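Below is one structure, written out as structure tokens, with a few remarks after it.
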Amino acid sequence: MQAELNRLNPAQREAVTTIEGPLLVLAGAGSGKTRVITMRTAHMVSKGIPPESIVAVTFTNKAAGEMQKRIQGMLGGGRQRRPVISTFHSLCLNILRREIETLGYAKNFTVYDTGEQVSLLRHLLSDISVYGKSFRPEAILEKISRMKNGMANPPASQNGEADAANAAHSGNPGDDDKDFDVEAFSELLMPRYQETMRSLNVVDFDDLLALTVRLFRQYPDTLEQYRRRFQYLMVDEYQDTNKVQFEIIKLLAGSLKNVCVVGDDDQSIYGWRGASLHNILDFEKHFPGAKVVRLEQNYRSMGNILKAANGVIKNNKKRMDKTLRTDRGDGPKVSYYRALDGEEEARWIAEKIAELHLEKNIPYQDVAVIYRANTLSKPFEEAFRANRTPYTVVGGTSYFERKEIKDLAAYLKVMVNPSDGLSLLRASSVPKRGIGAGAAEKLAGFAKEHAISLFEAFKRAGEAGLSARAAGAAADFIVLIEKYTELFKKAAEMGNTLKALVEEVRLIDYISGVYKTPEMAALRIGNVGDFIESLSRYASGVYETEGDAISLQGFLEETALDGEAEKHDKEEEKPFGVTLTTFHSAKGLEFPVVFITCLEEDMLPHKKSSSGLPGEGIEEERRLFYVGITRAMKVLYLTCAMRRMKYGKSEPYTPSRFIGEIPGDVIRQASDADIDPAETGEEKENREKARANAFFSRMKEMLGD
């Protein structure tokens, strides 16, 4: 262990060896924070601290898995007595598995993802009319989520729907949607939403955190039990924590206050999602006597890139002072190019990347193009296709959001939690089996009238006024579910059981009939096969289960957590070709060559950033730019356009104010040495010949000719 400590720089070593009391590690971009966290954990174990009393919390499964692997390597491997390395949601889920009955839920609860929450809200809204207007459930869900993460208690209401409808309308019938107060409506609908969730015995991801706080506050003995278990806390990406996450940390810390948080206030870019910058800025107030260690040595980027980043971020007022530095040398200056319009900007970048690839031998995978929003990717995709440049757009549909996966998961959720009426309705309709919308409505009405679950209503379908065919189909479906519920109790056989279920309901035939092309059907069928394989791997014990028995509920929980984390996790390996990504999706990644594009006022900073408290929105936008700059390792290009198309019209744009904040001695205008999209036909022909000659020369070298 001493040899490992000697390889750390002085600031890293201080962070690793400070064990007792509160510690804030301000870890600048590329400063080796993951190494510090893993080394600190291993160091504590080497000093005799029981591994099981150490818990390290981060935001993604990938980061947690990487830490666990490194720590196990340092500790010599093995599976006994190890630290808890987890995401916030996973940690709270494991606590609630054991304690949730105290809060009035059954232990076989399931976790709803965003799509299922939207479906539930759509169902609740179907009976609510606000002067003929309706709200988007996604907008309401966003407000409810922010209330939960902000520790808001749902208001009590004797007449939730009517109160919500009345509060929502601040104008006259027929007014525009802007006259409807979505926030007030969401606040008053929230109790009904929570009551329905409880009746279904389901929770959402925000509940995992909020219910844990409620558990700890209402049951001090339970809190004390977990304080005794988790005596040393570490939190990664602390700048991204929200109010409820802070409360969990504070409650667990107790009087010992052995809390180490690692983060960078300059990379706090999730304020729109509820993250509180003040958690890290006020750490010394929250934990008096805290030590602060600054990691300012950057191991990623060249000097001029860091000077550009430092020059920009110092303009933020709400930050803790630090300056990134490197021993790697200055490297090339930052290049700045202003195109005539958005299409020319995209062509220039495509040509520049082709030049770097063919003449400088830079792999496409080493290049990233970063922009403010996904809607800005189109011209770059078109330019890359025209130039035959391979590329990958980050931010496609999550594996866990695909219809066939959600359909199959609905069957499993009903088997684990028969109270989950929404999953029951979804599973009973895929494939179609004669239970149409009318029959489902009658069954739901029957369940409500007799105060029974929808599952029980399906059992008693003959009493609900359905046709003989529909009643028989409903009863047959329950027989199917009960049959496989028993079969899935054989944990080791769960993969084969799911395969048998897919065959019995003829899901593959259904998919083949739904999708028009064989290629699309094959892709969807392949996803079903992957899902079966995932269950088989889980059943074989490949996944870690924190000592819990392998079960169908455990698999669904792992799947739910993976689906939530996939929103934040990056690809395990570099994608094929040039990476097209937003600033938010680029966080945590690094590339030798980076192009930051669309750098105009109203793009970055975004036009909406001036709303809210003065300066706060602009400062978060500046932090976004800082994150983008610090993704670059060797070469950085900044581009903008004089004009862009907006609603079918060409509109003038002004360069972003952030470009002017970069020190003049580290930035240069694109020179004649750069690709000029306005070059003459002869110049372009000569350049393409030169590129072709360079390409064939490289091919000869590779072939040994």
Side-chain angles (χ1 to χ4, degrees), residues 15-25 37-58 64 67-68 71-72 74-75 78-105 107 109 151 207-236 238 241 243-262 279 283 286-291 544-549 554 557 561:
V16 166
T17 56
T18 301
I19 296 176
E20 303 294 332
L23 171 67
L24 167 59
V25 181
I37 294 172
T38 53
M39 279 288 296
R40 188 173 186 273
T41 305
H43 178 69
M44 285 194 286
V45 175
S46 74
K47 291 294 182 181
I49 294 174
E52 61 272 20
S53 70
I54 303 169
V55 57
V57 184
T58 187
M67 287 182 196
Q68 188 72 267
I71 291 168
Q72 287 302 106
M74 291 179 187
L75 297 177
R79 295 171 62 91
Q80 276 99 30
R81 302 183 72 240
R82 37 185 197 161
V84 176
I85 314 295
S86 175
T87 64
F88 271 103
H89 290 99
S90 182
L91 177 69
C92 292
L93 176 58
N94 283 325
I95 291 171
L96 292 175
R97 273 182 184 174
R98 296 162 174 78
E99 315 292 345
I100 200 166
E101 287 180 312
T102 310
L103 300 175
Y105 291 78
K107 274 196 172 183
F109 70 94
M151 302 296 295
D207 288 331
L208 293 177
L209 308 181
L211 288 174
T212 301
V213 169
R214 184 176 150 201
L215 174 75
F216 286 164
R217 284 178 172 176
Q218 292 184 0
Y219 301 95
D221 290 346
T222 302
L223 172 60
E224 188 58 34
Q225 168 192 336
Y226 285 96
R227 281 178 176 172
R228 288 195 299 268
R229 179 180 174 188
F230 301 135
Q231 297 190 22
Y232 293 86
L233 305 177
M234 284 188 287
V235 184
D236 190 17
Y238 189 64
T241 54
K243 189 171 182 179
V244 68
Q245 289 161 340
F246 166 75
E247 192 67 17
I248 290 168
I249 296 160
K250 185 180 176 183
L251 286 166
L252 282 174
S255 58
L256 288 178
K257 293 184 171 57
N258 291 328
V259 182
C260 169
V261 301
V262 183
N279 284 353
F283 183 80
H286 297 149
F287 297 95
K291 176 185 280 193
E544 303 296 342
T545 59
E546 295 284 338
D548 294 313
E557 289 171 352
L561 292 170

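Keep in mind the model is a prediction, meaning the values are calculated, not measured.
Within the model, atoms OG1 of Thr41 and CZ of Arg82 stand 13.5 Å from one another, a figure rounded to the nearest 0.5 Å. One distance of note links CG of Leu211 with CG of Leu103; it measures 6.0 Å at 0.5 Å rounding. Between the CG atom in Leu208 and the CG atom in Asn94 there is a gap of 10.0 Å [rounded to 0.5 Å]. Note that OG1 of Thr58 is 4.5 Å distant from CE of Met67, once rounded to the nearest 0.5 Å. If you take NZ on Lys47 and CD1 on Ile19, they are separated by 7.0 Å, rounding to the nearest 0.5 Å. To the nearest 0.5 Å, atom CG of residue Leu91 and atom OG of residue Ser86 are 5.0 Å apart.
Side-chain contact check for Gln225 versus Arg98: every heavy-atom pair is 4.5 Å or farther apart. Glu20 is listed as a side-chain neighbour of Asn258, based on a closest heavy-atom distance under 4.5 Å. The shortest distance between side-chain heavy atoms of Lys243 and Phe246 does not fall below 4.5 Å. Side-chain contact check for Ile54 versus Met234: some heavy-atom pair is nearer than 4.5 Å. Proximity of Phe230 to Leu256: side-chain heavy atoms (C-beta onward) are nowhere separated by under 4.5 Å. Within the 4.5 Å cutoff, no side-chain heavy atoms of Arg40 are placed close to those of Val25. Side-chain contact check for Arg214 versus Gln218: some heavy-atom pair is nearer than 4.5 Å. Under the 4.5 Å side-chain criterion, counting only non-hydrogen atoms from C-beta, Phe216 is in contact with Leu252.
Of the possible donor and acceptor atoms, one in the side chain of Thr102 sits under 3.5 Å from a partner among the backbone N and O of Glu99. The main-chain N or O of Tyr238 is found under 3.5 Å from a side-chain atom of Thr241 such that the two form a donor-acceptor pair.
For the pair Cys92 and Leu209, the tightest heavy-atom approach, listed with the atom from each and the gap, is SG-CD2, 3.7 Å. Closest of all the heavy-atom pairs between Phe287 and Lys250 is CZ-CA, 4.5 Å. Considering every non-hydrogen atom in both Gly289 and Pro22, the closest pair reads C-CG, 4.4 Å.
Tested against Tyr232, the residues Ser53, Pro51, Pro83 include a single side-chain contact (heavy atoms from CB on, under 4.5 Å) partner, Ser53.
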| request: Evaluate the side-chain contact (heavy atoms from CB on, under 4.5 Å) criterion for residues Thr212 and Leu96: first the C-alpha distance (whole Å), next the side-chain angles of each, then the deciding distance (0.1 Å), finally the verdict. | output: CA-CA 7 Å; Thr212 301; Leu96 292 175; 3.8 Å; yes
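Under the side chain to side chain donor-acceptor pair (under 3.5 Å) criterion, Gln231 pairs with no residue at all, not counting sequence neighbours. Taking the salt bridge (Lys or Arg N to Asp or Glu O under 4.0 Å) definition, one finds that Lys291 meets it with Glu14, sequence neighbours left out.
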